[in-house]
Each structure stands twice: as C-alpha cells, then as structure tokens.
Trainee: 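Once you've had a glance at the structure underneath, I'll fire off some questions.
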Amino acid sequence: MNHIVEKRVGNNIRILREKANMTQEVLAAKLQLLGCDITRSAVAKIEVGQRHLYPDEIILIKQILNVKYEDIFEMEDA
C-alpha cells in the first residue's frame, strides 16, 4: 500500500474513533473481543500510517465505529 494512502486511512480511522468518543485502548479491546490480535500500540501505529491494516481489521473497525467503508478510505480533504 502507498505510504500516503496508509497515512490518510490511518488519520481517517483516528478521526472516526475520536468522533465515537473512543480511546485507542477501547478500540483495541473491542477488536480483541472480536478475535483480532491487536494492541493499543498497533492501533496507534495504524493511525499514523506506520503499520499495515489487514482486511479483517478494516471490516471490524468499520463495524465497531459504525461507519461506512467510504469514511475509512476517503482521500479528499474535508
């Protein structure tokens, strides 16, 4: 994945998580409860584009944050 795209998607996830009033720790815990082997530190790295996202993580993040895929993958400036 392109580094610019990874940073943008990660930032989108951070914004969506914050809009949901959720901490990185809570998001990681919810992902773990749904079977994702992920830590708060990994969530932080995703949000700054330092870690790749796996398809199952994207699906679960969408579900947990109750957003659309388009919200996660938005590439235009808001």
Side-chain angles (χ1 to χ4, degrees):
M1 196 185 275
N2 180 312
H3 185 66
I4 293 168
V5 172
E6 287 181 338
K7 285 184 80 168
R8 186 57 187 252
V9 169
N11 189 56
N12 290 345
I13 290 171
R14 179 189 58 79
I15 290 167
L16 295 166
R17 176 184 57 75
E18 289 175 348
K19 281 184 183 177
N21 293 314
M22 193 176 297
T23 64
Q24 292 175 341
E25 188 71 41
V26 170
L27 178 56
K30 288 178 180 273
L31 285 163
Q32 290 168 7
L33 287 171
L34 293 172
C36 250
D37 184 20
I38 194 167
T39 62
R40 191 229 34 100
S41 176
V43 170
K45 287 179 180 180
I46 288 168
E47 290 184 354
V48 295
Q50 293 180 349
R51 180 187 174 280
H52 296 293
L53 272 162
Y54 294 100
D56 60 330
E57 294 170 342
I58 297 167
I59 292 166
L60 293 175
I61 288 169
K62 175 195 172 289
Q63 178 183 332
I64 291 166
L65 296 179
N66 193 30
V67 296
K68 300 177 208 164
Y69 289 114
E70 291 84 2
D71 297 328
I72 293 172
F73 292 106
E74 176 63 48
M75 290 297 128
E76 295 181 22
D77 291 327

Trainee: Do side-chain atoms of E6 reach the backbone of Q50 as a donor and acceptor pair under 3.5 angstrom?
Mentor: no
Trainee: As a test of understanding, state which of H52, K62, R51 forms a side chain to side chain donor-acceptor pair (under 3.5 Å) with E57.
Mentor: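 Exactly one pass, corresponding to R51.
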Trainee: Measuring from atom NZ of K45 to atom CD of Q24, what distance do you get when rounded to the nearest 0.5 angstrom?
Mentor: 12.0 Å
Trainee: Nearest 0.5 Å please: distance from the CD1 atom of I58 over to the CZ atom of F73.
Mentor: 4.0 Å
Trainee: Is it true that I46 and V48 fall in one hydrophobic cluster, defined by side-chain heavy atoms closer than 4.5 Å?
Mentor: no
Trainee: Answer with yes or no whether the hydrophobic clustering places L33 together with L27; edges join I, L, V, M, F, W, Y residues whose side-chain heavy atoms lie under 4.5 Å apart.
Mentor: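 No.
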Trainee: If you compare all heavy atoms of A28 against all heavy atoms of T39, which two are closest, and at what distance to 0.1 Å?
Mentor: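 Reported closest heavy-atom pair: CB-C, 3.7 Å.
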Trainee: Side chains of D71 and L65, heavy atoms from C-beta outward: is any pair under 4.5 Å?
Mentor: no
Trainee: Report the residues that fulfil side chain to side chain contact (heavy atoms under 4.5 Å, CB included) with Q63, sequence neighbours left out, ordered by chain and then residue number.
Mentor: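 Listed in chain order: L34, L60.
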Trainee: Test: salt bridge (Lys or Arg N to Asp or Glu O under 4.0 Å). Region: residues 22-44. Which pairs qualify, not counting sequence neighbours?
Mentor: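 Residue pairs with at least one partner in residues 22-44: there are none.
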Trainee: Is it the case that more than 12 heavy atoms not belonging to I4 sit under 6.0 Å from its CD1 atom?
Mentor: no
Trainee: Without placing hydrogens or testing angles, list every side-chain donor-acceptor pair under 3.5 Å for residues 13-21, not counting sequence neighbours.
Mentor:
| from | atom 1 | to | atom 2 | distance (Å) |
| --- | --- | --- | --- | --- |
| R14 | NE | N11 | OD1 | 3.2 |
| R14 | NH1 | E18 | OE1 | 2.9 |
| R14 | NH1 | E18 | OE2 | 3.4 |
| R14 | NH2 | N11 | OD1 | 2.7 |
| R17 | NE | E47 | OE2 | 2.5 |
| R17 | NH1 | M22 | O | 2.7 |
| R17 | NH2 | E47 | OE1 | 3.0 |
| R17 | NH2 | E47 | OE2 | 3.3 |

Trainee: How many angstroms lie between atom CD1 of I64 and atom CD1 of I59, to the nearest 0.5 angstrom?
Mentor: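 Here the interatomic distance stands at 12.0 Å.
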